[in-house]
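What follows is a single structure, written as structure tokens, with notes after it.
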Amino acid sequence: MNTSATQEQSQSEPIQAQTCIIIHPGSKNLRIGRASDVNPHTILHAIARPRRPKGPLHRDPVLIPTVVLSKENKLQVDETYQSMRGTLQSCLRSDGTPRPATSTQQVALANKQCTPIQGSVSKLQFVTKSDVEDYVIGDQVLYAHSDDQFNVHFPFRHGDLNIHSGVGGSLSSILADLETIWGHCITYLLEIPKKELKHYRAVLVIPDIYNRLFLKELVGLLLIQLGFGGCFLVQDHVAATFGAGLGAACVVDLGDQKTSVSCVEDALSQRATRIRLDYGGSDITQAFFYLLQRAGFPYKECQPQHPLDSALLTRIKEGYCHLNLDFCGLRDVNFVVERPGVATLRYHIKIGDELLLAPLGLFNTEVFALTGQDKRGQGQANASGDPEDPHDANYLRETSRRAHKEALENQSTSTASMDPIDNSTNAGGQGEEDLVVDSLAADAAPDDLPQQQLLYSLDQAILHSIERCSSDDMKRRMYSCILLVGGGAKFEGLSTWLHNRLLLQIPFQFRPEQTEIIVGPKEMDPSMVAWKGAAIMSCLESTQELWIRPTEWKKIGVRLLRERAPFYW
């Protein structure tokens, strides 16, 4: 009795920010920290394990790999880039003067005489099997020696769990990797012993489009395997609005391997408006390298599939790529190639409009054929059945059909007693009605599914998402406030370019007085906004009823998520 009384008392006490751990897993990076921290720890969300002798080898790439293009597809990509160069040449600078564009030949000629400056031998070292007992975590994965044949795993790909047929691709293997990575970060970065986690609570930031089976397993991972004293889940778009201090917004999350859009109002992501597109920062990096190669990139040995080269290309992209039309002509770009055990090489090169053409792929998605043509938009799938949840969506759907069928039968009977001549007509219509009855039809938005097979550009995705809003007033509110978050939102000038594209396409009847595109609210890093929002939510009094505790989870299980999850389950 005393124990339960103590638990009830602790549950009613306000949550301390120091005892809340916020976990925001991504396809490339993991952000983790206490709710009281100014910024989270950010590490590469990967793990490398030594391959067993004569065992299978699996290495997830850091960048989404390119594919071999057919002649037709390569021609289409080149024509798209040529068209984009023509667009840049016709643009004006902010002072109204014409903007001079650069050509591929101009950049190649400037870099023809470039020779790298050799420096001292690098002090970096590869991680070998002899250096580790069981695994390598985070950024050290980049230095996992390929000759030693480590298996490299990224638990998330394209915004979801990385289920595949190779070694380490099963759900249980991925959950084991997540337990190891998150547990390692908590122990060594946050300096919290695992046995103390029963005194801490966790908030897990999940994608706006989620898989219910995966969420159930992740809650079990937090409460049972890791041993947290409580947890709750929050969608990344909802968390982003909290981080930005907005009540309603169309949230656009530009991640490393996916771009997602949804409309959020009053802390609820509108289900019909959710779209996920299978392109992101990784695709822009590969497109940037394609452009550099065609412009005489002097670092000929660059291999994007090599972890260190992929990190180098990402740094150059993040440091120099932009969408600012005032930057014209050739720009100086400096970078250092550093490999363990060999001399460093310093390059001083020139790059022209390639710096704009790479991020412009967000508005000309044909160029992303470089990384595969199977990219398609997708929405939230209908709820699937769960044997642990007897009142799941399937149950609700079937009971809804049954109730509707009984109502039709009663109506048919009463009609027959009044007018027996029309009885056959009503009976014949009953079957057709029964086929389309579905209590979740309005929420599932079935008419939207064929359209979401298309590959939208960024502006098209926003327009399509807002068009799915349930009322005209909500559409106007969403057009008036668009929030850009994620690492891909850092390109200078992106908000202005997007603003100009949207103004030309917003339907007249929904045009607000002002369309505001917010990037980096409250001077925050766009990639930190969702994490910060989850940290704010964890300490709010109104969210205290969301916490799920281990004893409840063991007793009730997945049914708790329908009652406690702050989103439609």
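Computed over heavy atoms, backbone and side chain alike; hydrogens, waters and symmetry mates excluded.
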Problem - Heavy atoms from other residues, nucleotides or ligands near CD of Q82 exceed 12 (cutoff 6.0 Å) - result: no
Exercise for the section: Consider only side-chain N and O atoms of H237 and S262, and report whether a donor and an acceptor are under 3.5 Å apart. Expected result: yes
Practice task
Would you check, one step at a time, whether the test ring-ring contact (aromatic ring centres under 6.0 Å, His included) holds for H45 with F154?
Solution key: CA-CA 6 Å; H45 199 192; F154 280 81; 8.1 Å; no
Exercise for the section: Please name the residue in the list L178, I43, T42, L44 that meets the side-chain contact (heavy atoms from CB on, under 4.5 Å) test with L30. Expected result: I43
Handout entry: Ion pair check, E467 and K475, cut-off under 4.0 Å
Key = yes
Problem - Pairing of D473 and R476 as salt bridge, 4.0 angstrom limit - result: yes
Practice task
Please report the shortest heavy-atom distance between C481 and I518, naming the atom on each side.
Solution key: SG-CD1, 3.8 Å
Exercise for the section: Could you tell me whether R276 and D208 make a salt bridge, using a distance below 4.0 angstrom between a side-chain N and a carboxylate O? Expected result: no
Exercise for the section: Scan F327, F288, F491 and name whichever one has a ring pair (Phe, Tyr, Trp, His ring centres under 6.0 Å) with H322. Expected result: F327
Handout entry: cation_pi(R85, Y81) dist<6.0 Å, angle<=45
Key = no
Practice task
Test Y290 against every option in T66, L357, L69, D78 by the side-chain contact (heavy atoms from CB on, under 4.5 Å) rule and name the one that passes.
Solution key: D78
Handout entry: Cation-aromatic face contact R201/W547, 6.0 Å, 45 degrees
Key = yes
Exercise for the section: Please find out if less than 6.0 Å separates the ring center of F363 from that of F368. Expected result: no
Handout entry: Salt bridge present between K258 and D236 (N-O < 4.0 angstrom)
Key = yes
